[in-house]
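Below is one structure, written out as structure tokens, with a few remarks after it.
Below, read A as the first sequence line, B as the second, and so on, with proteins coming before strands; counting in each chain starts at 1.
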Amino acid sequence: MPDAKQTIASRAGRELEDGQIINLGIGLPTLIANYVPEGVDVVIQTENGGIGVGPAPEPGCEDRDRANAGNQPITLVPGGSYFDSATSFAMIRGGHIDATFLGTLQVDEKGNIANWIVPGKMLAGMGGAMDLITGAKIVYIVSEHCSKDGASKLMKQCTFPLTGAEEADVIITERALFRRHPDTGWVLEEVATGFSLDDIAGCTDMAYAVAADVKLDAFGA
Amino acid sequence: MPDAKQTIASRAGRELEDGQIINLGIGLPTLIANYVPEGVDVVIQTENGGIGVGPAPEPGCEDRDRANAGNQPITLVPGGSYFDSATSFAMIRGGHIDATFLGTLQVDEKGNIANWIVPGKMLAGMGGAMDLITGAKIVYIVSEHCSKDGASKLMKQCTFPLTGAEEADVIITERALFRRHPDTGWVLEEVATGFSLDDIAGCTDMAYAVAADVKLDAFGA
Amino acid sequence: MPKNKVIPIAEAMSHVKSGMSIAVGGFIGQGDPLTLIDHLKTMDVRDLTIYENDAGYRERGVVELVRQGKIKKVVASHIGTTPEIGKAMNEGRLEVEPTPQGTLAEMMRCGGAGLGGFLTPTGIGTIAEEGKQIIELNGRKYILVPSLKCDIAIIRAHAGDTWGNLIYRGTSRNFNVPAAMCADYVIAEVENLYTMGELDPNAIHTSGIFVDAVVRANVEYCTLREEKFNA
Amino acid sequence: MPKNKVIPIAEAMSHVKSGMSIAVGGFIGQGDPLTLIDHLKTMDVRDLTIYENDAGYRERGVVELVRQGKIKKVVASHIGTTPEIGKAMNEGRLEVEPTPQGTLAEMMRCGGAGLGGFLTPTGIGTIAEEGKQIIELNGRKYILVPSLKCDIAIIRAHAGDTWGNLIYRGTSRNFNVPAAMCADYVIAEVENLYTMGELDPNAIHTSGIFVDAVVRANVEYCTLREEKFNA
């Protein structure tokens, strides 16, 4: 059984297009940087104030003034630069980011996303997620298909407070890839190795159509 | 007869306080920089994007990228810096400028200022004046007392479109100095050499009180 | 590695079409994109709407395009430095919409920042509030100014790299920064061109994220030659 | 010549009184004004309201003031990096107002820029719009966010001159820039202090016009020593 997170990050990496400017959320999404396809150059923005994020620094070369939004040390590629938070969110809200990749607690039929609070339990805060979801041209949800208790994260309707309303464009889990179309809603386009169409149906609460040319064994393993 | 503009600029210079940040309008107000009193340091902001404006450069040392809002070459004093127009007006609108000195076409009893358009005739535009009048802590009107046709610029009510409503705090002309008090309105505090209280009354259309300690021969040659 | 955006001026400017809105950087000649304006003079476009602090200085700048009849409307804070503009307006050949300087700068920045608008106290009690929504907040009145999005922006910088990171010099920064933010397609003429990594990442004034095309400025519009330049 | 704003830390911090609002620069430890926060720990003040992206990182930052019971309320985008904050909130010892990161940054900038507020699409359709005025413009809904003015701001910069011109380094710039704009009294701790004229006038990130007091940062919070620093 392959690692779910690496499967998701690897499939997400194949979405990247040359020249795109992307923002990667904390945690799983950060792994996508390891799966940028050969010949594809993307520019990574980090909302705490940097663009052109490169590989992690060599051990011993970390710098307290060079970190991402998760406080991991970073380097910049040539051409990268730094800026303040108001400018960073001008970039984000202003539609200058091509794609954002975010984890989630819940995502639903209408494209609603809930990933910042479990009422009465955990409040991390929305951080930059509300702005990223609103401003990025394509919003990718990259997340395990089910929560730890086995419930589908792909729900009929989110029950937690939303981070963004009708903003999710693509969902990539370790089991499947869905794209949302403005008129017809979610379409199952790909199923990962080791899962059948029935498996996906069994662990997905939101309604979706199956693409005529749905790909089985499309990624993973 | 002393030069009216120099008289006004010289009296205005005596208003300056150590540490103040000021903005000088194009034309007459620019002359005030020549009358900063000994021992008083003021910081001059220019709305096109500089702060710490110093003396004009030596002939031959002018630089196309270093000019004021009237396109006159400038230098910066040590500690000065440059910025963009959005930041410049954040300074201005945000109350970070202590005093602005502006010429005018008309100013009236309520402190209304009209200095950007003569309807049907001349449109220069308001430039940064509306923002300066709104944002600066003290708004000085520095202007000749009468227009070229001899009419008082200090009117009962402005007839031209306003640049700012109820914003003028001090009027300095070659004949007199008035300060506006929130409750009582304009008060004549000083009369220039060569003019009497009657002279001022004769060339001033707006209502004003005369200060109990009004100074005669207060300024000017 | 960010991509190379240096392209021929004709290719960059081919994005400009009749009827478009153009944000123009500069301030009465300080940092005006004269190379791009010169190219626009050779193009067959008309009915352009210009958003700029002014219309240039004396004979140079956007005023040249007005003279050619290419411009329908100028939204500016000040047109006193180009007497031809007032003349064209009075003769009905040009529409001029005066706008407070700070409001114009913020309209551009807000448009680029994805904000719908902002509340400014500037112009309350004047004709600047005519036709605008007034909002009262904490006892103070504000004009609700919608943000600005343009089709094109043309700007000038003192130094730039091939991805479009820009550094301005002195008071030539001005409207070039907000203009660069608010347009669908942003063309920067740069006086000194660098490869990526040559400019200090802490000293960039306009990130390349806002810039679509980079062209070399005509050498006669350069304030300092490359060999003398110290970013 | 602009005046010298370098004063003893106790004199600068004496402006902080109980019940005040404080804007704090930094981002989970990157550029946090730890010297000023350390000093605040020694002061007898309470009921403070903090506006900051977060409450620090792990054990350090504003979280230390929460532990001391000095803080009434934290307005932040993220408190996940300081577990004590969530605990204090759940125990009713602290009020937390979650705010989108871009909205918080813009609230500060707008307050400093004399704007009454701004229209953001961020948070439409979420609880972020609760209690807020919604304005529809060109067919899109926006939240009207009032701008923020604080009594005090505490920030940190990598380099500063005696007038308070500041240069930040790397991702430590973040909220230090907008926080510096929005307060009545702004205190900057600087890692490397310069005399006026030593910093490049084209490379200043925060103009001294926004800064009221400059103090030296504790040497252990400096990322690079002076001899290695190249602005």
Side chain from CB out, backbone as N, CA, C, O: work out which of these in [X] comes under 4.5 Å of a heavy atom of chain A, or both, or neither.
X	result
D/Thr81	neither
D/Asn90	side chain
D/Ile85	neither
D/Tyr168	neither
D/Met108	neither
D/Pro178	side chain

Max heavy-atom pairs within cutoff under 4.5 Å with chain A, candidates D/Gly102, D/Gly125, D/Gly80, goes to D/Gly102
Ranked by heavy-atom pairs below 4.5 Å to chain A, first place among D/Gly86, D/Gly123, D/Ala105, D/Gly29 goes to D/Ala105
Out of curiosity, [X] [atom1] to [Y] [atom2], how far, rounded to the nearest 0.5 Å?
X	Y	atom1	atom2	value
A/Phe89	D/Leu104	CZ	CG	9.5 Å
D/Arg173	A/Ser88	CZ	OG	11.0 Å
D/Ile127	A/Trp116	CD1	CH2	4.0 Å
A/Arg64	D/Tyr221	CZ	OH	9.0 Å

Contact origin within [X] toward chain D - heavy atom pairs under 4.5 Å:
X	answer
A/Ile92	neither
A/Arg93	side chain
A/Ser81	neither
A/Glu167	neither
A/Ala90	neither
A/Asn112	neither

Around atom [atom1] of [X], are there more than 12 heavy atoms from other residues, nucleotides or ligands closer than 6.0 Å?
X	atom1	answer
A/Glu58	CD	no
A/Glu62	CD	yes
D/Lys132	NZ	yes
A/Lys137	NZ	yes
D/Lys87	NZ	no

Option that, when pairs with chain D are counted at under 4.5 Å, heavy atom only, ranks first among [options]:
options	answer
A/Asp84, A/Asn68, A/Ile117	A/Asp84
A/Gly127, A/Gly70, A/Gly135, A/Ala69	A/Gly127
A/Pro161, A/Gly50, A/Ala124	A/Ala124

Taking C-beta and beyond as the side chain, do A/Leu123 and D/Ile79 meet within less than 4.5 Å on heavy atoms? yes
Side chain to side chain contact (heavy atoms under 4.5 Å, CB included) test vs A/Asn48 passes for just one of D/Ile28, D/Asn53, D/Thr171, namely D/Thr171
Practice prompt. Answer yes if the side chains of D/Gln101 and A/Asp131 hold a donor-acceptor pair under 3.5 Å, and no otherwise.
Written response: no
Report task. Decide, yes or no, whether a salt bridge links D/Arg169 with A/Asp65 under the criterion of side-chain N to carboxylate O below 4.0 Å. Result -> yes
Heavy-atom closest pair (A/Gly125 atom, D/His78 atom, distance to 0.1 Å) is O-CD2, 3.8 Å
